[in-house]
Amino acid sequence: MLPAQARLRRRPEFTAVVRYGRRAGRPTMVLHYLSERPEQPAGGSPPPTGARAGFVVGKSVGNSVVRHRVTRQLRAVVRAELHRLPVTADLVVRARPEAATAGSDLLRRDLVAGIDRLLPERVRR
RNA sequence: CGAGUCGGCUGGGCGGUCGCGUCGGCGGGGGAGACCCCGUCGCCGAGGAACGUCCGGGCUCCACAGGGCAGGGUGGUCGUUAACAGCGACCCGGGGUGACCCGCGGGACAGUGCCACAGAGAACAGACCGCCAGCAGUUCGCUGCUGGUAAGGGUGAAACGGCGGUGUAAGAGACCACCGCACACCGGGUGACCGGUGUGGCUCGGUAAACCCCACCCGGAGCAAGGUCAAGAGGGACGACGGCUCGCCGCCGUCCUGCGCAGGCGUUCGAGGGCUGCCCGCCCGAGCCUGCGGGUAGACCGCUCGAGCCUGCCGGCAACGGCAGGCCUAGAUGGAUGACCGCCCAUCGGGAGGCCGUGAGGCACCCGUGGACAGAACCCGGCGUACAGGCCGACUCGUCCG
């Protein structure tokens, strides 16, 4: 599970990552990645404390119970991989309907493969 | 033992590793302060439906100057409640051998509308067949005309009370008994209504989830309510730089504005707004309305102690109410309450063929499978809907034994 500080909390942050970030599609999810966070126009934005992640689970995935379960599985999976991203990075994970029936193992494989494609060669482990 | 009716409870358990949120303790840091941040420890952390948002309330804001008309809701009676379209008991009607179940259950001599098709005839009824009488004809089978008749046939959702008898040419509440109906009286019940007696021979329908009439009830919007505090997002012009598909995009700086543009109405001869809608009336009153384009919704309070939950006693057939004692039980805001693993228990599938039993079957063993419906968002009371299974209680009918 991710602390609230490591999650995207504002709508503009989501739209920035989804519109300007790099994309990587996997069967169960689509990753949007922005390595450098844009300047906060409001000023006084806190210094970068680590990579952040946000989740988008639409109604096409399932009913409320299914959506919550997928979100929680994704949060747990992302938590284990977030340290690989630079401290200024934002990641948005958008779940596809196939994620509803996939287990945590499959979600983890898709996430790792997606991050490998997004990160430049020199940053890989 | 079999078949069934009603009601209640439950909604996987234990452990481990790693995490999340509120609150509290301790330590550290920042700040003038309010307070915030980090680390660590501890407590607590989804449901019976949290769901649908169909009713009813609390709470908040607006209004409180009323009257008339319109509109909406409810509909056996009596209770219950903060309130209800809920719940309880009872009444009436219908179904079942029974436990029990079902019913949008006021009014059709206040008025209006509708009642298809079939049928001879359908709301001041109606002779198609049939039955009976008379007359005429006759090939003695019957036929025609006139009249009587609503018992029978046929049509229909429904045919002018039902059934049996008396009666009659055949028939008919014409008359009689029973049942039904209407009215009156008596008795019982708070009441819906029920029981009894008498009288009347008794045509005079259905539909009000058709208009309508009657009785009772009903201000509007909703926690994005509402309050406090912060902040400007954005747009335009000019200029520099970068990119390329060469006139657009990205980005930076300065200036202007602090939603912009266009149109309409108006400041006591009053726009517009409020009093649920309309009219009358009343109040507030200097800005308001429309179109196009664009933007924002941050923090804190509200926010969880409440018609609250548990236990016991008392009143009541019950719904429910009263008293006493105890308890504190989620408060998120891109939205915590989780992820993974092991064992066990339901469930289902397969194997082996062990034990018990005449048998259907039951118990035990091994392997696999694997948990119904569904996620709080201001809070309650209901209703409705979804749901793998498991447990408990009361009662009815049938069969067997004693």
Side-chain angles (χ1 to χ4, degrees):
Chain A
M1 193 52 60
L2 290 167
Q5 199 184 44
R7 295 201 307 270
L8 297 183
R9 306 290 288 273
R10 300 278 170 264
R11 184 173 183 80
E13 297 169 348
F14 275 84
T15 54
V17 174
V18 172
R19 284 188 61 188
Y20 305 120
R22 289 166 51 85
R23 275 192 303 168
R26 304 297 301 165
T28 59
M29 67 187 74
V30 179
L31 302 178
H32 298 265
Y33 173 73
L34 201 60
S35 59
E36 293 293 325
R37 203 166 295 154
E39 282 292 318
Q40 292 289 74
S45 67
T49 54
R52 300 186 303 178
F55 303 91
V56 178
V57 183
K59 278 190 177 174
S60 60
V61 176
N63 64 21
S64 177
V65 173
V66 172
R67 291 200 306 273
H68 271 85
R69 192 180 63 235
V70 168
T71 307
R72 286 160 174 163
Q73 286 175 335
L74 285 175
R75 270 206 294 263
V77 165
V78 165
R79 195 175 82 91
E81 305 296 327
L82 205 60
H83 67 275
R84 295 170 54 195
L85 303 178
V87 292
T88 58
D90 281 346
L91 179 74
V92 168
V93 180
R94 211 172 62 209
R96 287 182 154 170
E98 288 75 10
T101 52
S104 287
D105 291 341
L106 182 56
L107 292 177
R108 175 172 290 112
R109 279 201 299 273
D110 275 358
L111 178 77
V112 169
I115 292 179
D116 285 345
R117 285 182 51 194
L118 290 171
L119 288 178
E121 287 290 333
R122 63 178 191 280
V123 187
R124 292 191 187 173
R125 57 173 84 175

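B:U5 sits 43 Å from B:C340 when the P atoms are compared, rounded to a whole Å. Separating the C1' atom of B:C194 from that of B:C91 is a span of 9 Å, rounded to the nearest Å. Comparing B:G154 with B:C160, their P atoms are spaced 16 Å from each other, to the whole Å. Annotation: B:U347 and B:C317 have their P atoms spaced 45 Å apart (nearest Å). Taking atom P on both nucleotides, B:G11 is separated from B:G29 by 49 Å, rounded to a whole Å. Atom C1' of B:A50 sits at a distance of 13 Å from the matching atom of B:U337, rounded to the whole Å. Rounded to the nearest Å, the gap between the C1' atom of B:G86 and that of B:C320 is 13 Å. When the C1' atom is used for both B:G294 and B:G260, the distance is 8 Å, rounded to whole Å.
Pair assignment for B:C183 gives B:G198, based on Watson-Crick or G-U wobble hydrogen-bonding distances that are each under 3.5 Å. Base pairing of B:C109: no nucleotide in any strand meets the Watson-Crick or G-U wobble criterion (both distances under 3.5 Å). The partner of B:G253 is B:C238, judged by Watson-Crick or G-U wobble contacts that both fall below 3.5 Å. Base pairing analysis places B:U399 opposite nothing; no Watson-Crick or G-U wobble pair with both distances below 3.5 Å involves it. In this structure, B:C64 makes no Watson-Crick or G-U wobble pair, since no nucleotide meets both defining distances under 3.5 angstrom. Using N1 to N3 plus N6-O4 or O6-N4 for Watson-Crick, or N1-O2 and O6-N3 for G-U wobble, each under 3.5 Å, B:C90 pairs with B:G76. In this entry B:C6 has B:G393 as its Watson-Crick or G-U wobble partner, both defining distances falling under 3.5 Å. Across all strands shown, B:A123 forms no Watson-Crick or G-U wobble pair with both distances under 3.5 Å.
The glycosidic torsion of B:U304 lies within 90° of 0, placing the base in the syn range. Nucleotide B:G141 carries a syn base; the chi torsion (O4'-C1'-N9-C4 or O4'-C1'-N1-C2) is within 90° of 0. For B:G171, the base is anti relative to its sugar; the glycosidic angle deviates from 0 by more than 90°. Classification of B:A46 as syn follows from a glycosidic angle within 90° of 0. Under the 90° criterion around 0 for the glycosidic angle, B:U97 counts as anti.
In this structure, A:Asn63 places its CG atom 15 Å from C1' of B:A46, rounding to the nearest Å. The distance between atom CZ of A:Arg79 and atom C1' of B:U17, rounded to the nearest whole Å, is 11 Å. The separation between A:Phe55 atom CZ and B:A332 atom P is 21 Å, rounded to whole Å. Between A:Glu81 atom CD and B:C18 atom P there is a gap of 19 Å when expressed in whole angstrom units. Whole-Å rounding puts the A:Arg72 CZ to B:A332 P distance at 16 Å. Computed from coordinates, the A:Arg67 CZ to B:G335 P distance equals 14 Å when rounded to whole Å. Distance, A:His68 NE2 to B:G334 P: 12 Å, rounded to whole Å.
Between A:Arg117 and A:Arg26, the shortest heavy-atom contact is NH1-NH1, 4.4 Å. Of all non-hydrogen atoms in A:Asp110 and A:Pro27, the two that sit nearest each other are OD2-CD, 3.7 Å. Taking all atoms of both residues into account, the shortest heavy-atom contact from A:Gly114 to A:Ala24 is O-CB, 4.0 Å. Minimum interatomic distance between A:Gln73 and A:Leu107 (heavy atoms only, all atoms of both residues): OE1-CD1, 3.7 Å. Closest non-hydrogen pair, A:Val77 versus A:Arg108, comes out as CG1-CA, 3.6 Å. Minimum heavy-atom separation, A:Ala100 to A:Val70: CA-CG2, 3.9 Å.
Phosphate proximity of B:A339 to A:Arg108: absent, as no side-chain N or O sits under 4.0 Å from OP1 or OP2. Between A:Arg75 and the phosphate of B:A336, there is a side-chain N or O to OP1/OP2 separation shorter than 4.0 Å.
Nearer the 5' end of RNA chain B, as judged by each residue's closest nucleotide, is the contact made by A:Val57, out of A:Val66 and A:Val57. Nearest-nucleotide positions on RNA chain B for A:Ser64 and A:Gly54 put A:Gly54 closer to the 5' end.
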Worked check of side-chain contact (heavy atoms from CB on, under 4.5 Å) between A:Glu81 and A:Leu111 = CA-CA 8 Å; A:Glu81 305 296 327; A:Leu111 178 77; 3.7 Å; yes

Protein-nucleotides 340-343 of chain B N/O pairs closer than 3.5 Å?
| from | atom 1 | to | atom 2 | distance (Å) |
| --- | --- | --- | --- | --- |
| B:C340 | OP1 | A:Ser104 | OG | 2.7 |

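Using a 4.0 Å cut-off between a side-chain N of Lys or Arg and a carboxylate O of Asp or Glu, A:Asp116 and A:Arg84 qualify as a salt bridge.
Between A:Leu31 and A:Val92, every side-chain heavy-atom pair lies at or beyond the 4.5 Å cut-off. Side chains of A:Val56 and A:Val93 form no contact here, defined as non-hydrogen atoms less than 4.5 Å apart.
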